[in-house]
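Data first, discussion second: the structure below is written as structure tokens.
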Amino acid sequence: MEGAFSYAPAIAAFPLAAFVVALTFGKWMPKKGAIAGIAATAGSLLFSLWMLATVAGGEVYHETLYEWTAGDAAGEAGTTGIEFTFGLLIDPLSALMLVIVSLVAFLVHVFSLGYMNAEGETGLPRYYAGLGLFTFSMLAFVYADNLLMAFMFFELVGLCSYLLIGFWFRTRSAPSAAKKAFLVTRFGDYFFLIGVVAIAATFGTVAFAGDDSFVAAAETAIADGDTLFGFDAQTWVTITGLLVLGGVLGKSAQFPFHTWLPDAMEGPTTVSALIHAATMVAAGVYLVARMFGYYALSPTALAIIAFVGGFTALFAATMGVVKDDIKQVLAYSTISQYGYMMLGLGVGGYVAGVFHLMNHAFFKALLFLGAGAVIILMHHEQDMWKMGGLKEKAPVTYYTFLAGALALAGIIPFSGFWSKDEILYDALIVGLEQPIILAAYAMGLVAVFFTGFYTFRMVFLTFHGEPRSEAAEDPHPVGWAVKIPLLSLGVLAVVAGVANLAPVYKLTGLEFTFLESWLDGEYGAVEGLTYGAYGEMVAYETGAIGSEELTVLIAAGLSLLLAFSGAGLAWKLYNVPEPVPHTERLGSARRTLENNYYQDEYQVWLARGVTLPLARAADRFDQSVIDGSVNGISTASLFGSSWVKRLQTGIVTNYAALIVAGFIALLVFLGVYGGWF
């Protein structure tokens, strides 16, 4: 290691040290370990910014720290030698993500000083230790240089989420939610593990970058027309990519593995902010972005990613419409927004997907921490129908929360508009040539309306109108430990979009696309990426829509029209002194949405009605056929040996008599059948 990069391991080491300190000495420390966590994440943030500046200077860092197994001819398809290493990869993508994770983790630690103290919570050393381990796991995952290392920290992130979601383990609901999150994500991770093994067995390496990466090996295999495990190379890339995608769908709560995330609200709100904005749920999308060069080799895999993303964006947004718990609304919005990211990556919009990942980290952390501030104000109440009238009583919380809501709804010029609009634009262009992508685009576009509606329904019920409970009449004050993170994230929710003003660039030609240059331009490019996995993504040149400028205006105009329509409907229905629950008019549709399309019931039926009977049938087959055959052979052997052993008397004369009798029998046999007689 040389220069700034020699300090790169410290980015993850700081939170790990905070974990050890809080767990070991936290109960004797001021603030029960909070100071150690704040100092550690501040150090991680400073070093991450240093790495970002270093990468901006034109340097990329990739070094192997430890060689577990050495491969033979690594990078050649079909090789039997498999290379497993532990190393660091700091390029434009990982450098950006390191800053996002460490910044959000730092602000969550600061916010926890006010939130957890306001809760009067016990077990704080365990809480801060969990935050430290969570942050360490995600940071190590971000700069892992190979798929196996990423998988290991991917799993550690899942373990940390289990510990933190179940932090209030003395209640009945929190441990249940933690187990559900752990089991659902583990199910997806089984496919991920099989994918890792398949990629390693195929290419002899799991390295993300370099000439010996599995991406480069896959490109070579496709170009050479190789056959891999009985499939043509591109089909095998699709299969292995989709296996890894199983883990992504679990971690990023995409359909059908989304059911764990709403229940995860049983953990502290600060934990929800970290999970939703910068750690566990972000890990899946980041992995797709890191492997984008591999997925770009398979239009089929990308189309599946895009369709699942578009469907999840709409599916989750509809459920957010009827939720009354402020954290539940935000949970479903997270599922929906990560659907947009998957849609962006699936249509080849690598920069757009990562851009939305960055913006979402800021405005979703802001909204969850804002919800935490509201919960403090409301003396731990989370039902929005018992709130109201908080706008004048908590102006800092209101205006920062409003900034996050405008970004979430995709209202110009807030950050969420720019990244969401770029995703929908890319999806529209590709969709003109690919019907399945057009369907995904349509679902993402309709989801914009629902997003605007449920977002401002939440704002109006929480902050506007008259107070609807005693707690809303006399809210509990919040301190500056709560306000400073809200103000910091509020600023980012407003200005972060300037990182990539793609529509402005397309309309005026002015260079407002820094993130484009950062991720796929002069600073660096995706490993193995070719421009447009679907070919040239310029359908407007064929005259399908018109000029590029007209395409941009149509895409942005439709998105804004639907966002304003949803927000306007919420304003009409809920921005009144005494709002009423209009969604009750939906009747059975409301019950379906409140019960989350009965997905939990379906999964229980699938487990009890299908999986359990199959398991019992397999057990009966195992006992009757497999064990029966083995036990039958064993019984016959024991029976025969019980008779044979009686010949072993230990008397020499008996043995001599048996030998003579045997010799006589042999002579008789040879005489009769051998022609001796």
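Computed from a predicted model, the values in this text were never measured in an experiment. Atom set for the values below is all heavy atoms of this structure, side chains included, hydrogens, waters and symmetry mates excluded.
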Heavy-atom side-chain proximity of Tyr143 to Met51 below 4.5 angstrom: no

Electrostatic pair Arg186-Asp189, nearest N-O below 4.0 angstrom: yes

Answer yes if the side chains of Arg290 and Tyr286 hold a donor-acceptor pair under 3.5 Å, and no otherwise. yes

Phe151 vs Leu147 side-chain heavy atoms within contact, under 4.5 Å: no

Are the side chains of Leu249 and Met342 in touch, meaning some heavy atoms are under 4.5 Å apart? yes

To the nearest 0.5 Å, atom CZ of Phe307 lies from atom CD1 of Ile437 at 9.5 Å

Between Glu266 and Pro175, is any pair of side-chain heavy atoms under 4.5 Å apart? no

If you define the side chain from C-beta out and look only at heavy atoms, does anything of Thr135 sit under 4.5 Å from Ser44? no

On a heavy-atom basis, which atom in Gly353 and which in Met341 lie closest, and how many Å separate them? O-CG, 4.0 Å

Of all the heavy-atom pairs spanning Ile275 and Trp260, show the shortest one and how long it is. CG2-CH2, 4.4 Å

Distance-only, no hydrogens or angles: does the Thr85 side chain make a donor-acceptor pair with backbone N or O of Gly87 under 3.5 Å? no

Give, for atom CD1 of Ile199 and atom CG of Leu243, the distance between the pair rounded to the nearest 0.5 Å. 8.5 Å

Minimal non-hydrogen separation, Val142 against Val101, with atom names: CG2-CG2, 4.4 Å

Using only heavy-atom distances, determine whether the side chains of Tyr294 and Ser213 contain a donor-acceptor pair under 3.5 Å. no

Spell out, as yes or no, whether a donor-acceptor pair under 3.5 Å connects the side chain of Ser161 to the backbone of Gly158. yes

In short, Ala303 meets Ile436 closest at the heavy-atom pair CB-CG2, 4.1 Å

Under 3.5 Å donor-acceptor pairs involving side-chain atoms of residues 308-315, not counting sequence neighbours:
residue, atom, partner, partner atom, Å
Thr312, OG1, Phe255, N, 3.2
Thr312, OG1, Val308, O, 2.7

For the residue pair Ala144 and Ala150, what are the closest heavy atoms and their distance? CB-N, 3.8 Å

Just by modelled atom types, is the Tyr295 backbone N or O under 3.5 Å from a matching donor or acceptor in the Ser298 side chain? no

Least distance between heavy atoms, Gly166 atom then Ala178 atom: N-CB, 3.7 Å

Value for OG1 (Thr592) from CD (Glu594), rounded to nearest 0.5 Å, stands at 9.5 Å

Value rounded to 0.5 Å, distance of OG1 in Thr64 from CG in Asn146: 8.0 Å

Any donor-acceptor N or O pair under 3.5 Å, side chains Trp236, Thr202: yes

CZ on Phe169 to CZ on Arg172, rounded to 0.5 Å: 15.5 Å

Quick one: pull up CH2 in Trp605 and OG1 in Thr611 and give me the separation to the nearest 0.5 Å. 9.0 Å

Ignoring hydrogens and geometry, is there a side-chain-to-backbone donor-acceptor pair from Ser137 to Leu133 under 3.5 Å? yes

Can you name the one residue among Phe187, Phe257, Phe154 that meets ring pair (Phe, Tyr, Trp, His ring centres under 6.0 Å) with Phe192? Phe154

Judged by atom type as modelled, is there a donor-acceptor pair below 3.5 Å linking the side chain of Asp91 to the main-chain atoms of Ser94? yes

Quick check: do Leu245 and Leu242 have side-chain heavy atoms less than 4.5 Å from each other? yes

State, with a plain yes or no, whether a side-chain heavy atom of Ile11 is found less than 4.5 Å away from one of Ser102. no

What do the steps show when you test Tyr162 against Thr185 for side chain to side chain donor-acceptor pair (under 3.5 Å), and what is the final call? CA-CA 10 Å; Tyr162 168 78; Thr185 56; over 6 Å; no

Just so I know, are the side chains of Asn596 and Tyr332 near enough to count as touching, which here means a heavy-atom distance under 4.5 Å? yes

Side chain to side chain contact (heavy atoms under 4.5 Å, CB included) evaluation trace for Glu155 with Lys251: CA-CA 10 Å; Glu155 295 306 293; Lys251 281 291 190 296; 4.1 Å; yes

Here's a test for you: under ring pair (Phe, Tyr, Trp, His ring centres under 6.0 Å), which of Phe136, Phe141, Phe134 qualifies with Phe153? Phe136

Dump the intermediate steps for side chain to side chain contact (heavy atoms under 4.5 Å, CB included) on Val20 and Phe25, then the final yes or no. CA-CA 8 Å; Val20 174; Phe25 308 107; 6.0 Å; no

Sub-3.5 Å donor-acceptor pair from the side chain of Asn595 to the main-chain atoms of Tyr598, do we have one? no

Donor-acceptor under 3.5 Å (Gln328 side chain, Pro262 main chain): yes

More than 12 non-hydrogen atoms from neighbouring residues, nucleotides or ligands closer than 6.0 Å to OH on Tyr190, yes or no? no

How about Gln603 and Thr259: does a side-chain donor come under 3.5 Å of a side-chain acceptor? yes

